[in-house]
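Shown next, in structure tokens, is the structure this report addresses.
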Number of protein chains: 2
Amino acid sequence: MKPTLQTVADEVGVSRSTVSNAYGRPDQLSPELRERILDAARRLGYAGPNPTARSLRRGRAGAIGVLFTDVLSYAFKDPFAVRFLQGLSLAAERHSTGLLLIPIPDDADAARAAVRNAAVDGFCVFCVAEGHPARQAILERGLPVVGTELHATDPEMLAAGVDEVAATRTAGAHLTALGHHRVAIIADLLHPALGPLTTPVRGPEDVSYQGDRERMRGYQQAWEKAGLDWDEVTIINVAGNSREAGLDGAARALDRRDRPTALIAFSDVIALGALDALRARGLRAGRDVSVIGFDDIPQAAEAGLTTVRQPAKEKGRIAGELLLDPPATAEGRRVALPTELIVRASTGPALDGRN
Amino acid sequence: MKPTLQTVADEVGVSRSTVSNAYGRPDQLSPELRERILDAARRLGYAGPNPTARSLRRGRAGAIGVLFTDVLSYAFKDPFAVRFLQGLSLAAERHSTGLLLIPIPDDADAARAAVRNAAVDGFCVFCVAEGHPARQAILERGLPVVGTELHATDPEMLAAGVDEVAATRTAGAHLTALGHHRVAIIADLLHPALGPLTTPVRGPEDVSYQGDRERMRGYQQAWEKAGLDWDEVTIINVAGNSREAGLDGAARALDRRDRPTALIAFSDVIALGALDALRARGLRAGRDVSVIGFDDIPQAAEAGLTTVRQPAKEKGRIAGELLLDPPATAEGRRVALPTELIVRASTGPALDGRN
DNA sequence: TTGAAAGCGGTACCAG
DNA sequence: CTGGTACCGCTTTCAA
């Protein structure tokens, strides 16, 4: 039988309360008694109050839940996600809180169950598509929830995000100013749980993820503003947010007869894959074909990738703080982070017959 | 007031047990009653049984704890660690269990507290040095613990690991066969919590981490077997397991007057950094200087890095299975995984005056 | 400074 | 198929 508070109390000849105090409120008893209690505990192999029982009593789980699809692989593969998690963990550490990673099973019922069974004080919804069953289950828990979409539809939702539309509108203006109009967008736009990946994506309304949808809107607005035809934009949906996916998607774009003059990736990892595709074809980025990304991960600088910078770690940190210490006012509950267009060598004037 | 089981029971006019059964054992009550209960729950905004309370009653936390130092950054940065975690999460998912990431605070007392307060069913000790205070605290919890050291000193400890000594003995033989004897070892060998990072490392006994210690032993044995002088081996301790650390460490080795003919990294990320250092000096890997790594992460193949392959994801998966379903027999509690020397272009004959 | 008592929200056995 | 009844292990007033 594992020792409990009672075991120790009996051993020392005091009450449970006193033993509890020895651990949680050292100032409530004499140092000698405390020492005696701790000694006895050590002797009995008692490792301290049971965390679960303590959580139940205190009404605080001591962890925040982070949901992941694809057995975590996405989360760990994208340097942006990694930085975000680092920020989140920073906030968690500050509040003596753990991070509970919850792998979301593919099955919808199992996914809901996973959410319902998570002993957490709040959830961070990171890259979970809006219609996903797990998302609904999270809202039902009635716990604080933080996301990265500044304009999330649910009013209860906390958010640490950037103005995606404005960010890509600027990025788009950069491209149109360089004379690009026949371009291809490459991104992981469709969530598999919501429908077949072959669904054609014509515009923002077909995109599963809110962030990506807004990014597309920004580019659309830039095209409008420049008086360009959105139909000249090819939208290529790829499976997954990864360098390999970017390579595939870019290959599909580059091997068309009317090769686009620029490739727009919705993340840097995808953009990096696009650069790989260019290289494989002997094409020079920023000269033959322009490439633009999103995030500004460290590798983007090395690769000379033009991209939109967003503060990844800070985003995570603020998301964590929002969750662990929710502001009282509605305004404080949505924090907007800045973005910046970082122009590097991968974008240049459009090389186009018509120019 | 948040609704509880009782609230729902009262609403429907049944007992708590029945409501509990409606969630946990659907076969214990009529479908109609169950529907009525679930309906009422929905109406009242009851999201299902409180996970903490359930855990307490069931005696199962539903999560395994994974300890991390350095606010998780190490864990997320090394592709090997990422794969390991993926494997771990795979096992966790199979057992409907979450992964609780526990950032270990620098302060020893806080670290112990973090371990004691974790509501978990077991711990996975991944890259936590042997003398680390958190490690002691883990053992005290009396929960199952899995590590990656096959020859861990604690008999209770479960393990999914490789024969590090044999692996590097083979790798070392490869190098000595190529004529290398004046080499440099580059690795993150000293744990900061255990003493200053400037402590000189002369041999295996000075290394903080068991795995690294054994890797060094393997190389030492290869040197002995080849009749070479271990004193010709320079040991360079770097801070952290990262590409940057590898770059730094290699720089220190390459800029010496008696430049080593080969660089031995204890991880591929460090080896990749070493390749960066070579490149920066116009040196060709495998021609001017040889480089060998450990792990065989995907980037190793791209970089043409000779390395020791170990099954990262499988290691994590097995660690998870061991933890969640500990074998009864002592033999089954330590699983040995295979390693393989993968020879690529980064190693070649020693370029040495004396050869 | 110490202790008694009342839960925190459930689960599971067992009787009906 | 349903309900009564003990707990799970701890924290926290409140009195002594």
Side-chain angles (χ1 to χ4, degrees), chain A residues 1-38 40-41 44-62 96 113 116-121 141-143, chain B residues 1-38 40-41 44-62 96 113 116-121 141-143:
Chain A
M1 191 52 207
K2 284 197 74 169
T4 69
L5 254 190
Q6 188 69 253
T7 323
V8 180
D10 290 349
E11 170 81 8
V12 183
V14 294
S15 75
R16 274 149 57 200
S17 326
T18 306
V19 179
S20 176
N21 283 334
Y23 284 95
R25 331 179 129 185
D27 52 316
Q28 297 292 299
L29 70 177
S30 65
E32 308 87 70
L33 179 54
R34 184 172 130 89
E35 227 11 88
R36 258 176 58 214
I37 291 176
L38 263 30
L44 294 165
Y46 178 70
N50 177 317
T52 306
R54 161 178 287 184
S55 287
L56 177 58
R57 182 61 233 234
R58 290 211 173 141
R60 180 175 174 282
S96 307
R116 279 204 292 257
N117 293 331
V120 298
D121 298 313
R141 283 287 300 263
L143 295 172
Chain B
M1 193 52 207
K2 283 196 76 168
T4 70
L5 253 192
Q6 189 67 254
T7 322
V8 180
D10 291 348
E11 170 81 8
V12 183
V14 293
S15 76
R16 271 148 61 200
S17 323
T18 306
V19 180
S20 176
N21 283 336
Y23 283 96
R25 333 180 127 186
D27 53 315
Q28 295 294 298
L29 69 178
S30 65
E32 309 87 68
L33 179 55
R34 185 173 129 88
E35 228 8 271
R36 257 175 59 213
I37 292 176
L38 263 29
L44 295 165
Y46 178 69
N50 177 318
T52 307
R54 161 178 288 182
S55 289
L56 176 58
R57 181 61 234 229
R58 292 211 175 142
R60 181 176 172 281
S96 306
R116 279 203 293 256
N117 292 330
V120 297
D121 299 313
R141 281 287 298 264
L143 295 172

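It should be emphasised that the depicted structure is a prediction, and the values quoted were computed from it without experimental measurement. Reminder, nothing fancy here: chain letters follow the sequence lines and each chain counts from 1. The figures here come from the full heavy-atom set of this structure, side chains too, leaving out hydrogens, waters and symmetry mates.
Phosphate proximity of C:dG9 to B:Thr4: absent, as no side-chain N or O sits under 4.0 Å from OP1 or OP2. Regarding contacts with the backbone of D:dG3, a side-chain N or O of B:Thr18 is found under 4.0 angstrom from either OP1 or OP2. At the phosphate of C:dT1, neither OP1 nor OP2 sits under 4.0 Å from any side-chain N or O atom of A:Ser30.
Base engagement by A:Leu56 is indicated by at least one non-hydrogen atom pair under 4.0 Å involving a base atom. A:Gln28 comes within contact range of at least one nucleobase, with a heavy-atom separation under 4.0 Å. Using a 4.0 Å heavy-atom distance criterion, A:Arg25 is classed as a sugar-phosphate-only contact. Among the protein residues, B:Tyr23 comes within range of no part of the nucleic acid, since none of its heavy atoms lies under 4.0 Å from any strand.
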Exercise for the section: Mind running side-chain contact (heavy atoms from CB on, under 4.5 Å) on A:Val8 and A:Leu44 for me, showing each step along the way? Expected result: CA-CA 7 Å; A:Val8 180; A:Leu44 294 165; 4.1 Å; yes
Practice task
In sequence, state the C-alpha distance, the side-chain angles, and the governing distance for A:Val19 and A:Val12, and then conclude on side-chain contact (heavy atoms from CB on, under 4.5 Å).
Solution key: CA-CA 9 Å; A:Val19 179; A:Val12 183; 5.8 Å; no
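Nearest nucleotide to the A:Leu5 side chain, out of C:dT11, D:dG4, D:dT11: D:dT11. Listed nucleotides: D:dT11, C:dG10, D:dG3. Nearest to the side chain of A:Pro49: D:dT11. Nearest to the side chain of B:Leu33, among C:dT11, D:dT2, C:dG7, sits D:dT2. For B:Arg57, the listed nucleotide lying nearest its side chain is D:dC8; candidates were C:dT2, D:dC10, D:dC8.
Residues A:Pro3 and A:Tyr46 come closest through the heavy atom pair O-CD1, 3.4 Å. Contact record, B:Leu143 with A:Lys2: CD2-NZ, 4.4 Å, taken as the closest heavy-atom pair. When all heavy atoms of A:Arg60 and A:Ser96 are compared, the closest pair comes out as NH2-O, 3.7 Å.
Taking atom CG on B:Asn21 and atom P on C:dC14, their separation rounds to 15 Å, with Å as the unit. In this structure, CZ of B:Arg16 is placed 10 Å from P of D:dG4, rounded to the nearest angstrom. In this structure, CZ of A:Arg58 is placed 16 Å from C1' of C:dG7, rounded to the nearest angstrom. Between the CD1 atom of A:Ile37 and the P atom of C:dT1 there is a distance of 13 Å, given to the nearest Å. The distance from atom CZ of B:Arg60 to atom P of D:dG9 is 16 Å, rounded to the nearest whole Å. Residue B:Asp10 contributes atom CG, which lies 14 Å from atom C1' of C:dG9 at whole-angstrom precision.
With hydrogens and angles left out, the side chain of A:Ser20 and the base of D:dT12 share no donor-acceptor pair within 3.5 Å. The base of C:dG10 does not come close enough to the side chain of B:Arg54 for any donor and acceptor atom to sit less than 3.5 Å apart. If you check distances only, the side chain of B:Ser17 does reach the base of D:dG4 with a donor-acceptor pair under 3.5 Å.
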